[in-house]
Amino acid sequence: MVTRTVDLRSDTVTKPTEAMRAAMASAEVDDDVLGFDPTAQRLEAEIAKIMGKEAGLFVPSGTMGNLISVLTHCPIRGSEIILGDYSHIHIYENGGISTIGGVHPRTIKNNDDGTMDLDQIEAAIRDPRFEICFPTTRLICLENSNAHSGGRCLSAEYTDKVGELAKKYGLKLHIDGARIFNASAALGVPASRLVQAADSVSVCLSKGLGAPVGSVIVGPKSFIDRARIMRKTLGGGMRQIGVLCAAALVGFQENVGKLEGDHKKAKTLAEGLNKISGLEVDMASVETNIVFCDILKEANTTEMELCKRLAEHGVLILPEGPKRIRFVIHHQISDTDVQYALSRVQRAVTGVANGSGDH
């Protein structure tokens with residue numbers, strides 16, 4: 001019988017804290033579709049200010065936030081955007097930009113650190129003189145931190161260069177900032193600096209900030225005004241959303257300061273996994289709260305078998321691909337949780353406990 005659960009599947013699995021539940025219960029609300037919910041207005045203004053942008057818009061999810069942003073920047077069907085081949089927008093968002101918006105993705109290979117080569121981005125921009133054949137390039141998308149690279153961070157200097165490239169060709173730059181506060185904490189750079197070059201950013205509230213629901217899109221007021229209409233079109237216009245925004249405000253106040261601790265726990269976990277025979281972690285890739293672990297041949301197991309074996313002992317993780325598993329730290333994972341998880345992984349892989357937290 002499982003007596004302890006350590007949920008490392010994602011930083012989206014956190015449960016609302018008591019402070020969040022209390023804030024939700026007492027939230028001042030009104031009809032947000034009509035533009036009058038005071039708690040939503042407060043959250044939107046606060047996130048916009050933190051990100052150094054004029055205005056914000058609460059949306060139900062990061063996927064919708066990215067979709068709204070792309071469609072607002074690309075109102076003409078047949079527009080093209082440039083993005084990473086392993087970006088979240090391209091891989092994990094149901095192809096919404098194409099199926100709903102008629103926007104064509106042009107992918108550039110993501111480097112191991114989550115960046116795309118600037119020369120390749122520039123080469124991918126369509127020549128408008130051949131618009132009789134080509135789609136029209138209108139947008140470049142970045143992701144910070146980059147989930148598929150293991151939570152690697154894009155520097156402000158790199159983002160600035162992409163922004164300069166976008167301006168050179170009259171394009172816009174959108175940043176999927178699902179874990180932008182993790183990147184900020186890891187780099188020691190304000191989030192506003194990391195997105196200074198961006199025309200829009202989607203900021204997730206339900207990952208590192210621990211809120212139960214939602215994201216906020218930020219950008220110029222004229223952009224947000226158009227995005228608000230697109231949100232309604234997509235069914236994301238809700239009513240008394242202050243009950244959700246109240247939890248997000250608490251999450252921001254409580255949990256941004258904990259992100260550095262999450263990153264330290266991730267490094268402890270990665271170091272421990274590296275000591276287990278049959279497993280390997282590229283320590284250089286562990287910059288934030290995500291740890292990718294490769295299963296070596298001598299482990300004689302698959303990612304699915306290992307996930308199943310660990311789940312039987314209350315340690316929940318996800319497969320990341322063939323012979324690879326993923327662990328994600330969040331604010332509700334303690335130091336003892338990390339040690340317990342390591343002990344269970346060692347037992348699952350080698351059949352021998354390490355004596356650390358194995359109870």
May I have the list of side-chain donor-acceptor pairs in residues 179-191 shorter than 3.5 Å, sequence neighbours left out?
{"residue": "R179", "atom": "NE", "partner": "D11", "partner atom": "OD2", "Å": "2.9"}
{"residue": "R179", "atom": "NH2", "partner": "D11", "partner atom": "OD1", "Å": "2.9"}
{"residue": "N182", "atom": "ND2", "partner": "H263", "partner atom": "NE2", "Å": "3.0"}
{"residue": "S184", "atom": "OG", "partner": "V189", "partner atom": "O", "Å": "2.5"}
{"residue": "S184", "atom": "OG", "partner": "A191", "partner atom": "N", "Å": "3.4"}

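For the 3.5 Å distance criterion, the side chains of R138 and S79 qualify, holding a donor opposite an acceptor. Judged purely by distance below 3.5 Å, without hydrogens or angles, the side chains of T5 and D7 never pair a donor atom with an acceptor atom.
Separating the CZ atom in R231 from the CG atom in L67 is a distance of 14.0 Å, to the nearest 0.5 Å. Within the model, atoms CD1 of I82 and OG1 of T107 stand 10.5 Å from one another, a figure rounded to the nearest 0.5 Å. One finds the CG atom of L310 at 12.0 Å from the CZ atom of R347 (value rounded to the nearest 0.5 Å). From I290, atom CD1 reaches atom NE2 of H330 across 12.0 Å, with rounding to the nearest 0.5 Å. If you take CD1 on I229 and CG on L57, they are separated by 11.0 Å, rounding to the nearest 0.5 Å. Interatomic distance, H313 NE2 to S343 OG, rounded to the nearest 0.5 Å: 10.0 Å.
Ring geometry, H148 versus Y86: the interplanar angle falls under 30°, so the pair is classed parallel (tilted spans 30 to 60°).
The shortest distance between side-chain heavy atoms of I295 and T302 does not fall below 4.5 Å. Using a 4.5 Å heavy-atom threshold, the side chains of I224 and I217 count as touching. Using a 4.5 Å heavy-atom threshold, the side chains of L273 and F327 count as touching. Residues L269 and I329 are in side-chain contact: their nearest non-hydrogen atoms beyond the backbone lie under 4.5 Å apart.
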Exercise for the section: Could you go through the side chain to side chain contact (heavy atoms under 4.5 Å, CB included) check for E143 and L83 one step at a time? Expected result: CA-CA 9 Å; E143 180 183 337; L83 74 174; over 6 Å; no
Exercise for the section: Before giving the answer on side chain to side chain contact (heavy atoms under 4.5 Å, CB included), spell out for I81 and I140 the whole-Å C-alpha distance, their side-chain angles and the decisive distance to 0.1 Å. Expected result: CA-CA 6 Å; I81 70 170; I140 302 171; over 6 Å; no
Exercise for the section: Please report the C-alpha distance between I50 and V203 in whole Å, then the side-chain angles of each, then the deciding distance to 0.1 Å, and finally whether the side chain to side chain contact (heavy atoms under 4.5 Å, CB included) criterion is met. Expected result: CA-CA 11 Å; I50 291 161; V203 181; over 6 Å; no
Practice task
Given side chain to side chain contact (heavy atoms under 4.5 Å, CB included), test L154 with L194 step by step and report yes or no.
Solution key: CA-CA 8 Å; L154 306 187; L194 293 179; over 6 Å; no
Exercise for the section: Start with the C-alpha gap between D337 and R4, add the side-chain angles, then the distance that decides, and say whether salt bridge (Lys or Arg N to Asp or Glu O under 4.0 Å) holds. Expected result: CA-CA 9 Å; D337 287 334; R4 179 174 186 170; 3.0 Å; yes
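Note that R326 lies outside the cation-pi zone of F292, set by a 6.0 Å cut-off to the ring centre and a 45° limit from the axis.
When each of D37, D31, D30 is paired with R239, the salt bridge (Lys or Arg N to Asp or Glu O under 4.0 Å) condition holds for D31 and for no other.
Listed here is the closest heavy atom pair of T301 and R309: OG1-NH2, 3.2 Å.
By the side chain to side chain donor-acceptor pair (under 3.5 Å) test, K221 is found to be paired with D225, residues two or more places apart in sequence or in another chain being considered. For the ring-ring contact (aromatic ring centres under 6.0 Å, His included) test, no residue two or more places apart in sequence or in another chain qualifies with Y158.
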